[in-house]
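Computed from a predicted structure; not experimentally measured. Hydrogens, waters and symmetry mates play no part in the numbers below; they use all other heavy atoms, side chains included.
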Amino acid sequence: MNAHTLSATELPTIDEGDDAALPRSPPAPQTTPHARSHASALLDTTTSSTWMDEARRLAVAASLSAIFGVALGLRHGGVTLAWGAMGAPLGIVAVGALAAPALGILLALANAPLDALDLARATSRAAAKAGLLLAGVAPAAALFVVTVEDAITVTIVGFGALILAGAVAARSFQHDLEPMLAKTPGAQRAVVRVAIWAFLAFAGTLAIRVWFMALPMLTVSS
């Protein structure tokens with residue numbers, strides 16, 4: 001191929017006005033928002049929730065803990081299934097209905113910068129964490145209570161799971177109230193912190209007492 005051949009060969013021309021002839025880049029992939037799980041929605045820390053939203057979250061937490069109660073009731077079957085389904089949520093409901101309002105009154109007397117709805121959010125979120133933990137260990141608890149003959153071992157494991165859930169809830173409650181403590185003056189902050197610690201001790205004692213009375217399958221020998 002010589003210069004004459006190259007000059008005689010005409011290259012195809014592309015009309016700049018013809019959009020169809022221009023090469024097009026592939027469209028950018030559309031990003032879709034990730035779907036949130038039910039657990040993440042349950043543990044949401046939004047500040048725009050209402051009293052109804054927090055009451056609904058507390059009810060869901062109680063329902064989740066009922067799964068653990070049913071697992072404990074499998075040891076004896078029959079009516080103990082219903083006892084377990086009612087007994088396990090009672091500890092959570094007792095703290096939310098009795099202990100938390102008492103703390104709110106005490107903080108109001110101490111002039112703490114805390115809104116009642118913020119206290120309800122911290123309480124229901126802590127209950128949700130406890131409920132999720134109990135529902136998560138329910139299958140293992142069910143397998144344990146139906147295969148282990150020693151009643152003392154079942155009692156230790158059952159109350160151990162309940163106490164662990166209570167500890168997780170207490171840590172969550174204290175963590176959610178830390179921003180409020182940061183806004184409290186120095187001397188007043190010490191009083192509020194002692195009040196919260198006293199509340200956590202009272203709430204733990206109340207929950208254990210309620211579970212001890214409402215879960216007879218953990219306190220009676222087989």
Residue set satisfying side chain to side chain donor-acceptor pair (under 3.5 Å) with Thr50, at least two apart, ordered chain then number -> Asp53

Across all chains, not counting sequence neighbours, the side chain to side chain donor-acceptor pair (under 3.5 Å) partners of Arg57 are Glu54, Ser124

Got a list of side-chain donor-acceptor pairs under 3.5 Å for residues 86-109, not counting sequence neighbours?
none

With a cut-off of 3.5 Å and sequence neighbours excluded, list every side-chain donor-acceptor pair involving residues 171-178.
{"unit_1": "Asp176", "atom_1": "OD1", "unit_2": "Arg125", "atom_2": "NH1", "d": "3.1"}
{"unit_1": "Asp176", "atom_1": "OD2", "unit_2": "Arg125", "atom_2": "NH1", "d": "3.3"}

May I have the step-by-step check of side chain to side chain contact (heavy atoms under 4.5 Å, CB included) for Leu133 and Phe68, ending in yes or no? CA-CA 9 Å; Leu133 190 149; Phe68 181 78; over 6 Å; no

By side-chain contact (heavy atoms from CB on, under 4.5 Å), Val191 pairs with (sequence neighbours left out) none

Do [X] and [Y] land in one hydrophobic cluster if side-chain heavy atoms of ILVMFWY residues count as linked below 4.5 Å?
| X | Y | answer |
| --- | --- | --- |
| Val137 | Trp211 | yes |
| Val154 | Val70 | yes |
| Val146 | Trp83 | yes |

Residue pairs passing the salt bridge (charged side-chain N to carboxylate O under 4.0 Å, His left out) test with at least one member in residues 194-215, sequence neighbours excluded, are none

Quick one, [X] and [Y] - any side-chain contact, counting heavy atoms below 4.5 Å?
| X | Y | result |
| --- | --- | --- |
| Val145 | Met217 | no |
| Leu134 | Leu64 | no |
| Leu74 | Leu81 | yes |

Hydrophobic cluster mates of [X], side-chain heavy atoms under 4.5 angstrom, ILVMFWY only, any path?
| X | answer |
| --- | --- |
| Trp51 | Leu117 |
| Ile156 | Ile152 |
| Ile163 | Ile208 |

Between Arg75 and Thr80, do the side chains contain an N or O donor and an N or O acceptor separated by less than 3.5 Å? no

Sorted by chain and residue number, the salt bridge (charged side-chain N to carboxylate O under 4.0 Å, His left out) partners of Arg189 (sequence neighbours excluded) come out as none

Sorted by chain and residue number, the salt bridge (charged side-chain N to carboxylate O under 4.0 Å, His left out) partners of Asp115 (sequence neighbours excluded) come out as none

Shortest non-hydrogen pair, Lys129 vs Val168, comes out as CB-CG1, 4.1 Å

Here the pair of heavy atoms bringing Ala112 nearest to Met180 is CB-SD, 4.3 Å

One should read off an interatomic distance between Leu218 CG and Leu72 CG, to the nearest 0.5 angstrom, of 5.0 Å

The reported gap from CZ in Phe212 to CG in Leu215 (rounded to nearest 0.5 angstrom) is 10.5 Å

Could you pull out all donor-acceptor pairs under 3.5 Å where a side-chain atom in residues 193-205 meets a protein atom, sequence neighbours excluded?
{"unit_1": "Thr205", "atom_1": "OG1", "unit_2": "Ala201", "atom_2": "O", "d": "2.9"}

